[in-house]
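Have a look at this one.
Computation of the quantities below employed the complete heavy-atom set of this structure, encompassing side-chain atoms and omitting hydrogens, waters and symmetry-equivalent molecules. The first residue of the sequence shown is numbered 1, and numbering continues consecutively from there.
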Amino acid sequence: MSKVLLTAVAAVGFAGLFGGTLSADASSKVNSYIESHNYKPAKVTKSIWSGFPKYKYRHGVGKPEGVVVHETANPSSTIYNEIAYMKRNYNNAFVHSFVDASHIINIANTNYLSWGVGYPGNARFVQFEQIEVHSKSAFAHEIANAAWYTAYLLKEYKLKPNDAAYDGKGTVWSHGSVAKHLGGSTHTDPVGYYASAGKKYFGQKYTMAAFYKMVKKYYNAMGTSSHTKLDKVTYKSVNQQAKLSSSYSKYYLYNHVKNANKNTKRLKWSTITPKVGKTYYIDMTGKKTSGSTWYRIRPSKNSSKRYWVYAKTLTNVQDVNTSTATTTASATSSSDSASATSSSDSSSAATDATSSSDVNAASTSTSSASASN
């Protein structure tokens, strides 16, 4: 990486993929070109090097607050030369990934910070470098890869697109925006590279504002990303009851334990006509590896409808029949239907919100996933 290296001070202190084509951006010739050629982004290649240090972000491991887009400012280098250089000089600076017209190569674990923008940005953002490319097609491919990868990272860490260029508050940053709003550097990349390459190959300067539009299009087209891991949950059949807490409105109603199933949907409380102090019946609990507890409730004792709620939405949880015995079985997120609690559950899945683990026969089970509550 030939641009001036930053210190590590902040270490401590695709048509099928999108389900349709992207709509053309008439204001940007580059974006329109990408859409008209239906470019499919490169796959992310994981090539994590164990030599990079591991320091947590300011809010903890796996909790970045956005993505910083860089470019190397080296017109004669290749992606592999840049990666090799960075491994030799990581004590001065390093980023998480590199992007060019054909590759997205992830070299450092994005759950930990990197050293690319100085203090305080290093402790906040995932960062990647773009290699300077030298043709119209290569530049368009690189922009598509970089915009898609930015959206991918936002999805990975459950962040929403928000352009930080205007007020310094957001999730999508250029190195220049970090320098302007947060300090720690005087760099302005990739603004200059975007402008010159866009002018040279498309007769129009390319901008971070146009890049952000591409990020949003990719993000919106992704829906629920297939790469997102699911939370691990242990389920247990119970026979309990509880009252609705006065703080229930701070949380939500779900058809599955949150983040434990790819088809999880958030439901409105009006679905069950909530009332503080009202009794609900619990037939299953779910304990995440993160430590949080979830309850599967029924609006009435004999109701076939079931919903999942976070433990803090209920109070005065107690056994209805302490003699009820439990049995064990295995249920995973890939076998969502398992043994349905009743035939009526499967016939009204859209409204009954039956969980992937809705198996009365199951006492304990595990399904996989990665996000927090």
Side-chain angles (χ1 to χ4, degrees), residues 1-12 39-57 61-62 64 67-119 121-135 137-150 152-153 156 173-176 178-179 184-194 196-197 211 227:
M1 197 168 64
S2 64
K3 62 183 179 181
V4 179
L5 296 175
L6 302 173
T7 65
V9 63
V12 293
Y39 284 162
K40 294 180 175 64
K43 293 182 179 180
V44 178
T45 299
K46 296 283 186 179
S47 186
I48 306 298
W49 184 54
S50 60
F52 291 122
K54 292 182 178 179
Y55 293 98
K56 65 183 180 180
Y57 294 100
V61 175
V67 181
V68 176
V69 181
H70 296 262
E71 66 93 7
T72 62
N74 186 346
S76 61
S77 187
T78 68
I79 193 168
Y80 296 108
N81 289 342
E82 292 290 345
I83 290 172
Y85 181 89
M86 187 156 285
K87 288 179 180 178
R88 295 194 303 269
N89 296 276
Y90 72 87
N91 280 321
N92 294 315
F94 72 94
V95 294
H96 294 100
S97 304
F98 283 85
V99 174
D100 66 7
S102 305
H103 306 88
I104 301 172
I105 304 177
N106 175 212
I107 62 170
N109 191 332
T110 55
N111 285 331
Y112 300 91
L113 61 79
S114 65
W115 302 340
V117 291
Y119 175 85
N122 286 348
R124 302 184 185 188
F125 310 121
V126 178
Q127 305 181 52
F128 70 87
E129 290 274 1
Q130 292 170 96
I131 310 302
E132 291 199 7
V133 296
H134 306 289
S135 73
S137 176
F139 184 64
H141 271 99
E142 180 176 56
I143 292 299
N145 286 342
W148 180 87
Y149 186 53
T150 301
Y152 170 99
L153 291 168
E156 180 76 17
W173 298 70
S174 66
H175 191 165
V178 175
S185 170
T186 59
H187 292 205
T188 60
D189 58 292
V191 174
Y193 169 59
Y194 278 6
S196 62
F211 177 80
H227 66 272

**Request:** Just jot down the side-chain hydrogen bond (donor to acceptor under 3.5 Å, both in side chains) partners of His103, sequence neighbours excluded, or say none.
**Result:**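 His103: side-chain hydrogen bond (donor to acceptor under 3.5 Å, both in side chains) contacts with Tyr80, Asp100.
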
**Asked** What is the distance from atom CG of Asp189 to atom CD of Glu129, rounded to the nearest 0.5 Å?
**Response**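 Going from the CG atom of Asp189 to the CD atom of Glu129 covers 6.5 Å.
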
**Prompt:** Where do Phe125 and Val69 land on the side-chain contact (heavy atoms from CB on, under 4.5 Å) test, with the steps shown first?
**Reply:** CA-CA 10 Å; Phe125 310 121; Val69 181; over 6 Å; no

**Item:** side-chain contact (heavy atoms from CB on, under 4.5 Å) partners of Ala147, counting only residues at least two apart
**Value:**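 Counting only residues at least two positions away or on another chain, Ala147 forms a side-chain contact (heavy atoms from CB on, under 4.5 Å) with Phe211, Met214, Val215, Tyr218.
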
**Item:** Rounded distance (nearest 0.5 Å) linking atom CD1 of Ile104 with atom NZ of Lys43
**Value:**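 Reported to 0.5 Å precision, the distance equals 11.5 Å.
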
**Request:** With sequence neighbours excluded, tell me which residues meet side-chain contact (heavy atoms from CB on, under 4.5 Å) with Thr45.
**Result:** Ile105

**Prompt:** Can you name the ring-ring contact (aromatic ring centres under 6.0 Å, His included) partners of Tyr193, sequence neighbours left out?
**Reply:**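 Only Phe139 meet the ring-ring contact (aromatic ring centres under 6.0 Å, His included) criterion with Tyr193.
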
**Nearest heavy atoms of Ala138 and Ala101, plus distance in Å** = O-CB, 3.4 Å

**Request:** Taking all heavy atoms of His175 and all of Val117, pick out the closest pair and write down the distance.
**Result:**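 That would be CD2-CG1, 3.7 Å.
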
**Prompt:** Stepwise, does the side-chain contact (heavy atoms from CB on, under 4.5 Å) test hold for Met86 with Phe98?
**Reply:** CA-CA 11 Å; Met86 187 156 285; Phe98 283 85; 3.6 Å; yes

**Fill in**
Those residues at least two apart in sequence (or on a different chain) that pass ring-ring contact (aromatic ring centres under 6.0 Å, His included) with Tyr149 are Phe128, Tyr152

**side-chain contact (heavy atoms from CB on, under 4.5 Å) partner of Ile107, the single match among Phe52, Tyr90, Phe94** =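 In the set Phe52, Tyr90, Phe94, the residue that makes a side-chain contact (heavy atoms from CB on, under 4.5 Å) with Ile107 is Phe52.
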
**Prompt:** Who passes side-chain contact (heavy atoms from CB on, under 4.5 Å) against Pro64, sequence neighbours left out?
**Reply:**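 Tyr57, Val126, Tyr157.
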
**Asked** If we only count heavy atoms from C-beta on, is the Trp148 to Val44 side-chain gap below 4.5 Å?
**Response** yes

**Asked** Do side-chain atoms of Asn106 reach the backbone of Ala108 as a donor and acceptor pair under 3.5 angstrom?
**Response**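 Flag set: sc Asn106 to bb Ala108 pair under 3.5 Å.
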
**Asked** To the nearest 0.5 Å, what is the distance between CD (Gln127) and CG (Leu153)?
**Response**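 Spacing of CD (Gln127) from CG (Leu153) equals 11.5 Å.
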
**Prompt:** Where the side chain of His187 meets the backbone of Val178, is there a donor-acceptor pair that is under 3.5 Å apart?
**Reply:**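 A pair under 3.5 Å: no.
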
**Item:** Partner set under side-chain contact (heavy atoms from CB on, under 4.5 Å) for Ser77, not counting sequence neighbours
**Value:** Asn74, Asn81, Glu82

**Pairwise distance CD1(Ile83) to OG(Ser97) - rounded to 0.5 angstrom** =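 These two atoms lie 9.0 Å from each other.
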
**Prompt:** What are the two closest heavy atoms between Ala179 and Ser185, and how far apart are they?
**Reply:** CB-O, 3.1 Å

**Prompt:** Given the rule in the side-chain contact (heavy atoms from CB on, under 4.5 Å) test, do Glu156 and Thr110 qualify, once you have shown the distances and angles that lead to the verdict?
**Reply:** CA-CA 10 Å; Glu156 180 76 17; Thr110 55; 5.6 Å; no

**Complete:** Residues passing the side-chain hydrogen bond (donor to acceptor under 3.5 Å, both in side chains) test with Lys54, sequence neighbours excluded, are none

**Asked** In Å, rounded to the nearest 0.5 Å, how long is the span from NE2 of His70 to OG of Ser114?
**Response** 6.5 Å

